[in-house]
Amino acid sequence: MKKLLITAMALSCFAFSSYGQDKVEKQIIGKWCNPYTYESTGELKGFHFKKGGVCEAINIPSLDLKTWSIQDGYLLIKGFSLEEDGKKEVYETKEKIDLLSPDTLSLVARESNPRLIFLYLNTKIIKERVAVDTMSWE
């Protein structure tokens, strides 16, 4: 009976974590851009996470991104960085998902002190929430 109970508990934990993983993967699909870049330049720059783990850079010509995945609460992005001399370098990131909501994606790149955090907003809401600073263009 104890073995059966332990097995059932282990399977339910696996099912819940798998469900959570699926939910995160579905929620991250879409276009995510940096609000600070948009505010200062009016340009949308970021990532387009597509179904099936396909990833593309948005208005970042130096990145030729290929794939994305979620593993143990981390967002992994792989592709190539395009150098000025035309060479391709392998590009891989592994960043902890700090916050994911329908409109906000916050990633922690370095978990030790001080933390380096990247903030992205869904492109569906960025223009209504972030005003472009036209003074910085003059």
Side-chain angles (χ1 to χ4, degrees):
M1 183 68 170
K2 269 187 176 179
K3 286 182 182 179
L4 182 60
L5 183 58
I6 291 171
T7 303
M9 288 174 52
L11 288 174
S12 67
C13 287
F14 177 75
F16 290 134
S17 66
S18 176
Y19 171 76
Q21 177 98 358
D22 290 345
K23 184 177 177 185
V24 169
E25 288 177 357
K26 285 178 183 175
Q27 197 168 9
I28 206 167
I29 291 172
K31 295 180 181 180
W32 299 88
C33 291
N34 184 305
Y36 306 112
T37 302
Y38 180 72
E39 179 182 43
S40 63
T41 67
E43 294 179 285
L44 293 172
K45 291 189 175 198
F47 303 95
H48 185 181
F49 302 110
K50 298 180 177 184
K51 290 180 181 178
V54 175
C55 184
E56 294 177 350
I58 298 172
N59 295 323
I60 307 173
S62 62
L63 290 179
D64 180 19
L65 302 179
K66 300 295 183 188
T67 65
W68 69 273
S69 63
I70 306 287
Q71 293 178 4
D72 299 323
Y74 286 84
L75 173 62
L76 285 72
I77 300 173
K78 295 180 181 181
F80 298 95
S81 174
L82 308 173
E83 305 299 319
E84 289 183 18
D85 61 4
K87 291 183 182 176
K88 282 186 173 185
E89 297 285 328
V90 173
Y91 177 89
E92 293 183 4
T93 64
K94 179 181 180 182
E95 297 162 344
K96 184 160 182 51
I97 298 172
D98 185 51
L99 171 68
L100 177 60
S101 70
D103 57 2
T104 304
L105 172 61
S106 175
L107 302 171
V108 179
R110 188 171 52 220
E111 294 181 56
S112 60
N113 228 355
R115 293 176 3 146
L116 180 58
I117 298 178
F118 297 108
L119 177 66
Y120 301 95
L121 296 179
N122 194 298
T123 57
K124 293 176 183 176
I125 59 94
I126 197 168
K127 291 179 180 180
E128 65 188 52
R129 294 210 183 148
V130 180
V132 176
D133 182 6
T134 56
M135 296 299 284
S136 66
W137 292 13
E138 296 175 2

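The figures that follow rest on heavy atoms only: side chains count, while hydrogens, waters and symmetry mates do not.
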So how far is it from [X] [atom1] to [Y] [atom2], rounded to the nearest 0.5 Å?
| X | Y | atom1 | atom2 | result |
| --- | --- | --- | --- | --- |
| Lys87 | Ser81 | NZ | OG | 13.0 Å |
| Thr67 | Glu92 | OG1 | CD | 8.0 Å |
| Leu63 | Phe47 | CG | CZ | 6.5 Å |
| Glu128 | Asp103 | CD | CG | 9.0 Å |
| Gln27 | Ile70 | CD | CD1 | 10.5 Å |

Shared hydrophobic cluster for [X] and [Y] (ILVMFWY, side-chain gaps under 4.5 Å):
| X | Y | result |
| --- | --- | --- |
| Tyr91 | Ile58 | no |
| Ile60 | Trp32 | yes |
| Leu99 | Tyr74 | no |
| Ile77 | Ile28 | yes |
| Val108 | Leu116 | no |

Is the shortest side-chain heavy-atom distance between [X] and [Y] below 4.5 Å?
| X | Y | value |
| --- | --- | --- |
| Lys66 | Phe80 | yes |
| Ile97 | Leu107 | yes |
| Leu121 | Tyr38 | no |
| Lys31 | Leu44 | no |
| Phe49 | Leu75 | yes |
| Glu25 | Trp68 | yes |
| Lys88 | Leu82 | yes |
| Asn34 | Lys45 | no |

Apply the test side chain to side chain contact (heavy atoms under 4.5 Å, CB included) to residues Glu43 and Asn59: give CA-CA distance (whole Å), side-chain angles for both, the deciding distance (0.1 Å), then the verdict. CA-CA 8 Å; Glu43 294 179 285; Asn59 295 323; 5.6 Å; no

Just jot down the side chain to side chain contact (heavy atoms under 4.5 Å, CB included) partners of Lys124, sequence neighbours excluded, or say none. Asn122

Closest contact, heavy atoms only, Ile117 versus Ser106: CG2-OG, 3.3 Å

Considering all heavy atoms of both residues, which atom of Cys33 and which atom of Thr123 are nearest to each other, and what is their separation?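 It is SG-CG2, 3.4 Å.
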
Less than 4.0 Å between a side-chain N and a carboxylate O, is that true for Lys96 and Asp98? no

